[in-house]
Amino acid sequence: MRGFYGKALTAAAALVLSTSLVKAADVEVLHWWTSGGEAAALNVLKDNLAGAGTGWLDMPVAGGGGEAAMTTLRARVTAGNPPTAVQMLGFDIQDWAKEGALADLTATATAEGWDKVVPTALQAFSTYDGKWVAAPVNVHSTNWIWINKAALDAAGGKAPETWEELVAMLDAMKANGITPLAHGGQAWQDATVFDAVVLSLGADFYKAAMIDLDPAALGGETMVEAFNRMATLRSYVDDNFSGRDWNLASAMVINGEAGMQMMGDWAKGEFLKAGKVPGTDFVCIRFPGTQGMVTFNSDQFAMFNQTDPAMQEAQVAMAKAIMDPVFQSAFNVVKGSVPARTDVPDTDFDDCGKKGMKDLAEANTNGMLFGSMAHGHAAPAAVKNALYDVVTAHFNGEYDAATAATELAAAVEAAK
Ligand code: GAL
C-alpha cells in the first residue's frame, strides 16, 4: 500500500512540476486601480508581466483608497480562496503578515538586493519579522494641490505659498465664476485633505497627532484650528460634491469647471491621461505650509500563501517584474507617483514627477517624511477608520471644530 501511494504521489508531484515548467500560472491580482490614469498605469504592469510570460487575471474592486478592495479581500480569505497578489497599503500589509497569510519573498529580495535600494521608510511596511512580505511599486504623497493653469492665471497667476494666500486664491476663483475647490465627498477623500491640513500646522503637530496618536495633540487647540481650516475649505466646494469619485473631481479641474483639487499625486495620472501637460495646462504645488514635508503612501503587492508551485513561481515572477528599475520608471511616469527604488533616474519624469522625487529624498534626509494617515501609513485600519468617521462628520457639518477635536481624541483612543 505504502509503495502504491508513494508512487502515486511522486507521479502527481512530477505532473505539477512539469506543468510549472511548461507554463507559470496566471496571477490573479486584486486591486483598486479603475480610474483612467490608474488603469493606464496598470496596463504598464500587465504588459511587463506578459513580457515575462506571466498571465494576468484581473480582480478590480473600484473605490479610491482601497477600502472596498480590503473588504473583498477579507471575504476571499475567509472563504479560503485568497487571490495570488493584492495591492495593499502600509499597516494593512503588516496586519496580514501578522496573521501569517503572506508568502515569504525574502529569497527573491535577497538575491535581487532589495534592501539596498528600497528606502527604509518603505521597508518598514514591506518587511515583517525580518522577512520580505511585499514588493513596493511606487511612492505616492498626499500633500499636493493640482491647479488648472488658466484658472490660476485668471486669479492672479501666483501659486499660493501660505494658508492666507490659498484662501485669497480660492476667493478669486469664486469671483471668477468657477468652483474653487473640486472635491469628492467620500470619507477617504476628506481624510486626504485632512492629512495636508494637519501637516500645514507643523511637522511636529502632524507627528504628534497622526503618528504618535497623542491625545493632547488630537484633542487640542491646534486640532481645533485644523478643523476650522477644513470648514473653510468646505465652503469652496460645489453643492454636488457628496459621494463624487476623486477622478471626477480631477476632471472638473482638467476641464476648467473648477480651479483646484487637493489630492495625492495619483491625480496627475488623470491629467496626463487627458493629454494635459504640467506647467502648461496645470500646476502642481505642495499644500501651502507643507513645503519641504511629505506625507507618503506606497502601493505594494503582497502575495498570499499558495501551495501550488506554479502559482508560487508566478508570484516570484510578479515580484521581480515589479522591482525591475526600468519598469519602476515606466510605471510611475504614468501613475503620477515616484519609484520605490532610490536608483531609478528621474530622466523620463515630467516636472511634477522630478519635484516629487526631489521632495521625497529631501524630506527623508531632513526627517520630514511621514506616513499618510488617510492612506494607511500612519496607523492601523481601526484608527484610520475612526479618524475617517470624525473628519467626515465634521466636514458634513455634524460637529463644530471644537467638538470634532474632542471626538477625534476619544475615537482614536477607543480604536488604539
Ligand atoms: C491610494 C493609492 C493610489 C490611488 C488612490 C486612489 O490609496 O495608493 O495608488 O489608487 O488610492 O484610488
Side-chain angles (χ1 to χ4, degrees), residues 29-46 58-73 85-93 95 121-122 125-126 134-144 146 182-196 243-251 253 261-273 294-302 322 328 331-340 352-353 356 360 370-381 384-385 387-388 391:
V29 186
L30 193 154
H31 64 88
W32 64 92
W33 285 336
T34 55
S35 78
E38 290 174 328
L42 196 71
N43 280 336
V44 180
L45 178 56
K46 277 186 200 169
D58 208 32
M59 177 72 196
V61 182
E67 262 187 295
M70 290 303 102
T71 306
T72 301
L73 173 63
V86 180
Q87 178 195 353
M88 224 183 257
L89 297 171
F91 278 88
D92 289 337
I93 303 171
D95 286 348
L122 261 58
F125 296 108
S126 324
V137 69
N138 65 12
V139 188
H140 272 301
S141 77
T142 55
N143 57 318
W144 287 105
W146 308 90
H183 182 68
Q186 295 173 346
W188 74 270
Q189 293 188 58
D190 301 341
T192 302
V193 177
F194 192 65
D195 266 4
R244 176 188 288 138
D245 286 331
W246 68 274
N247 53 315
L248 299 182
S250 304
V253 181
Q261 181 183 22
M262 296 164 179
M263 187 46 64
D265 39 14
W266 46 91
K268 193 185 77 177
E270 299 306 302
F271 284 82
L272 298 182
K273 185 84 196 344
V294 170
T295 37
F296 81 98
N297 58 298
S298 164
D299 292 301
Q300 310 209 14
F301 282 89
I322 286 170
Q328 289 252 341
F331 173 86
N332 286 299
V333 159
V334 177
K335 183 70 170 72
S337 38
V338 305
C352 294
L360 180 68
F370 305 102
S372 155
M373 171 59 88
H375 294 268
H377 284 67
K384 180 187 84 169
N385 292 333
L387 176 132
Y388 275 15
V391 169

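Predicted model, so just to flag it, every value in this text is computed and none were measured. Whatever order the structure lists ligands and atoms in, that order sets their numbers, starting from 1.
In this structure the side chain of F301 reaches within 4.5 angstrom of the side chain of V29, judged on heavy atoms. Side-chain contact between M88 and L73 is present, with heavy atoms from C-beta onward closer than 4.5 Å. Taking 4.5 Å as the limit, some side-chain heavy atom of W246 sits within range of a side-chain heavy atom of S35. Taking 4.5 Å as the limit, some side-chain heavy atom of H377 sits within range of a side-chain heavy atom of L89.
Atoms of ligand 1 found under 4.0 Å from any heavy atom of W246, numbered from 1 in the order shown, are 6 (C), 12 (O). Ligand-side atoms of ligand 1 in range of L89: 7 (O), 8 (O), range being under 4.0 angstrom from any heavy atom. Against a heavy-atom cut-off of under 4.0 Å, G64 is close to the following atoms of ligand 1: 6 (C), 12 (O). Atoms of ligand 1 found under 4.0 Å from any heavy atom of H140 (numbered from 1 in listed order, with element): 3 (C), 8 (O), 9 (O). Atoms of ligand 1 lying under 4.0 Å from at least one heavy atom of K335, given by number and element, are 3 (C), 4 (C), 9 (O), 10 (O).
Residue contacts with ligand 1: N297 is placed with a nitrogen or oxygen under 3.5 Å of a nitrogen or oxygen of the ligand (distance criterion only). Any N or O atom pair closer than 3.5 Å counts here, and W266 shares no such pair with ligand 1.
Distance from atom 10 (O) of ligand 1 to its nearest protein heavy atom, with residue and atom name: E38 OE2, 2.4 Å. Protein heavy atom at the shortest distance from atom 1 (C) of ligand 1 is H375 ND1, 3.5 Å. Scanning the protein heavy atoms around atom 9 (O) of ligand 1, the nearest turns out to be D299 OD2, 2.6 Å.
A side-chain donor-acceptor contact under 3.5 Å links W146 to the backbone of M263. Here the side chain of Q87 pairs no donor or acceptor atom with the backbone of G66 at under 3.5 angstrom.
Heavy-atom distances between G65 and ligand 1 reach below 4.0 Å in at least one pair.
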Please test F271 against W144 for ring-ring contact (aromatic ring centres under 6.0 Å, His included), starting from the C-alpha separation and ending with a verdict.
CA-CA 14 Å; F271 284 82; W144 287 105; over 10 Å; no

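None of F296, W188, Y388 except one satisfies the ring pair (Phe, Tyr, Trp, His ring centres under 6.0 Å) rule with H375; the exception is W188.
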